[in-house]
Amino acid sequence: MGNQLSEPYDGPPEILEGRDVQSIAKYMESPECRKVFVMLGAGVSTAAGIPDFRSPGTGLYSNLQRLNLPYPEAVFEINYFRENPVPFYTLARELYPGRFRPTLTHTFVKLLADHSLLDTCFTQNIDTLERQAGVPGDRIVEAHGSFASQHCIDCHMPFDGAKMKEAVLKGDIVRCSHCGGLVKPDIVFFGESLPAAFHKTVPRLRGADLLIVIGTSLTVHPFASLTTLVPEGCPRILINMDPAGDIGTRPDDVVLLGRCDEIVRELCRELGWEEELDREWGKTELMAPLDELAETTLETREAHAPPTADLAEAAPPAEPAGEAGEVAPTVTEAEIEDARVEAEVETLTEQVEKGLELSEGKGDHASTTVTITPEEGSAGAEKRTEEPKPPEASRDADDASSERKEDVLAAKEKL
């Protein structure tokens, strides 16, 4: 299923005047363009200093090999997380929001909303930089979840964001005091369902006037399949370092290869938005606290909810998410950007080594359990009433903790 490569279209465009930035800008200014959808991948955030996941040698998966993972993607597998949460917590410490600033591309998405053009921004990224840039929360669908909230993976009790951040940065493994389950940010792991907001919003693509795909290889489904759900006559724009998916096989497909931020700036110049782009991006220096971002609703506004029949027909089958983040190119010179990404990779490597030392339970950073205070009438509280924890649960938790420690010691020996 999804975006299988097919023959490129070599005829003339039908809606656009040409396959260039100028023609895209002219179409965006026309009455025919009212509903713009955006798909963001990890290539949008690399300019912010966040390494992508799959690049050989520099991607996060490559640098997680020091944790002795059975395979790189295991860091995002829910069953592996239950057995050994240390690799994910080590990675989370490096990626936690607050260390990175939104890019020009994130700000461009905000401008689409400011100009009443943005219908929905679908993002694969877990870094919350769309929120930091000021994109309205009800226009964002975080297809693979994000760090904006966190829950116990067993009883689903929500956990305080400030306490979670403190624990992650200290290297503590957070457990639910009510059921003993592990707590993690609401990032979609392999083996977990995609957020309900994703499936609720997918049918809206049928009404798209323009689809802009930025910084993604379009290899992870069902996210990649979204490009096939817009009408045949809807122009599709790919802004990326390399060709991706089936973009280029329809009459009004436009492929713009290069650094995302540079191409976005050129488009904003044609739209007369360049000064506004720089002004709004300048505001992102004052980063909003993550707990404030979490207050913005993750659920799409009522207008985004399609009829149930449409949902069953339009939504692609749910498959586990793979790419957890992607980013856009920078406005600085290529050499400066490459040096910054390399520095981030070196920092990640150092933190991974520290994570292994912390996981042995030696020193000041032993794993802790932080108390979750249930909200009255919450779903988590109801579940604990209906399904009380069996007496042997505490013993099983101790056994699991011992097994996790042995796994980490074995990983350390192989480094």
Side-chain angles (χ1 to χ4, degrees), residues 2-41 43-44 104-106 108-124 135 139 141 201-218 223-274 277 314 316 328-329:
N3 304 23
Q4 311 234 337
L5 291 176
S6 53
E7 290 298 319
Y9 179 87
D10 56 5
E14 298 177 356
I15 305 296
L16 303 176
E17 292 185 357
R19 296 189 181 94
D20 51 35
V21 171
Q22 293 75 17
S23 298
I24 296 168
K26 186 172 182 179
Y27 175 69
M28 290 177 66
E29 293 173 328
S30 72
E32 287 74 30
C33 185
R34 286 292 175 265
K35 294 182 179 181
V36 178
F37 289 77
V38 177
M39 294 171 60
L40 300 183
V44 176
L104 286 176
T105 302
H106 293 107
F108 168 66
V109 179
K110 177 185 184 298
L111 294 189
L112 290 174
D114 291 346
H115 287 266
S116 301
L117 289 174
L118 181 67
D119 186 286
T120 304
C121 172
F122 291 94
T123 179
Q124 288 176 285
V135 180
R139 301 285 170 169
V141 175
T201 311
V202 162
R204 294 185 62 82
L205 287 162
R206 291 171 168 168
D209 298 319
L210 177 65
L211 176 65
I212 305 178
V213 183
I214 312 178
T216 174
S217 59
L218 292 175
F223 186 89
S225 303
L226 299 184
T227 63
T228 67
L229 300 181
V230 298
E232 284 291 329
C234 172
R236 303 185 301 176
I237 316 301
L238 173 67
I239 301 175
N240 200 39
M241 295 299 293
D242 302 291
D246 68 342
I247 307 295
T249 62
R250 294 184 182 183
D252 292 288
D253 285 355
V254 181
V255 178
L256 303 174
L257 301 182
R259 294 179 176 273
C260 304
D261 282 1
E262 294 172 1
I263 296 173
V264 160
R265 178 177 287 281
E266 183 182 354
L267 178 56
C268 285
R269 187 179 298 125
E270 290 294 328
L271 289 165
W273 295 1
E274 187 173 21
L277 177 73

Exercise. Who are the side chain to side chain contact (heavy atoms under 4.5 Å, CB included) partners of P243, not counting sequence neighbours?
Worked result: L257

For this session: Compare every heavy atom of L40 with every heavy atom of F223, then report the nearest pair and how far apart it is.
Result: CZ-O, 3.6 Å

Problem set entry | Pairwise distance SG(C33) to CD1(I15) - rounded to 0.5 angstrom | 11.5 Å

Seminar exercise, completed: To the nearest 0.5 Å, atom CG of L218 lies from atom CG of D242 at 11.5 Å

Exercise. Taking side chain as C-beta onward, heavy atoms only, is I237 less than 4.5 Å from L267?
Worked result: no

Exercise. For L229 and V202, which heavy atoms make the closest approach, and how far apart are they?
Worked result: CD1-CG1, 3.5 Å

Exercise. Between L238 and A244, which heavy-atom pair has the shortest distance, and what is it?
Worked result: CD2-N, 3.4 Å

Exercise. Can you tell me how far CG of L277 sits from CZ of R269, rounded to the nearest 0.5 angstrom?
Worked result: 10.0 Å

Exercise. Do N240 and V213 touch side chain to side chain, with heavy atoms closer than 4.5 Å?
Worked result: no

Seminar exercise, completed: By side-chain hydrogen bond (donor to acceptor under 3.5 Å, both in side chains), E32 pairs with (sequence neighbours left out) S30

Problem set entry | side chain to side chain contact (heavy atoms under 4.5 Å, CB included) partners of V230, counting only residues at least two apart | L205, A208, L211, C234, R236, R250

For this session: Could you check if a side-chain atom of L112 sits within less than 4.5 angstrom of a side-chain atom of W273, using non-hydrogen atoms only?
Result: yes

Exercise. Do the non-hydrogen side-chain atoms of I212 and F108 ever get within less than 4.5 Å of each other?
Worked result: yes

For this session: Output the distance between atom OG1 (T227) and atom CG (D246), rounded to the nearest 0.5 Å.
Result: 4.5 Å

Exercise. For Q22, which residues count as a side chain to side chain contact (heavy atoms under 4.5 Å, CB included) partner, sequence neighbours excluded?
Worked result: D20, E266, E270

For this session: First locate atom CG of L226, then atom CZ of F122, and finally report the distance between them rounded to the nearest 0.5 Å.
Result: 5.5 Å

For this session: Search all heavy atoms of F37 against all heavy atoms of R204 and return the closest pair with its distance.
Result: CZ-O, 3.3 Å

Problem set entry | Residue pairs fulfilling ring pair (Phe, Tyr, Trp, His ring centres under 6.0 Å) with at least one residue in residues 232-265, sequence neighbours excluded | none

Seminar exercise, completed: Taken to the nearest 0.5 Å, the spacing of M39 CE from T216 OG1 works out to 6.5 Å

Problem set entry | M28 versus L210, closest heavy-atom pair with distance | CG-CD2, 3.7 Å

Exercise. Between D252 and L16, is there a donor-acceptor pair closer than 3.5 Å when you use the side chain of the first and the backbone of the second?
Worked result: yes

For this session: For D209, check side chain to side chain contact (heavy atoms under 4.5 Å, CB included) against everything at least two apart and list the hits.
Result: Y27, R34, K35

Exercise. By salt bridge (Lys or Arg N to Asp or Glu O under 4.0 Å), which residues pair with E17, not counting sequence neighbours?
Worked result: K26

Exercise. Nearest heavy-atom pair of V255 and I247: which atoms, and what distance?
Worked result: CG2-O, 3.8 Å

Exercise. Under a 4.5 Å cut-off applied to non-hydrogen side-chain atoms, are V135 and H106 in contact?
Worked result: no

For this session: Ignoring hydrogens and angles, tell me if any N or O in the side chain of D261 forms a donor-acceptor pair with the backbone of T105 under 3.5 Å.
Result: yes

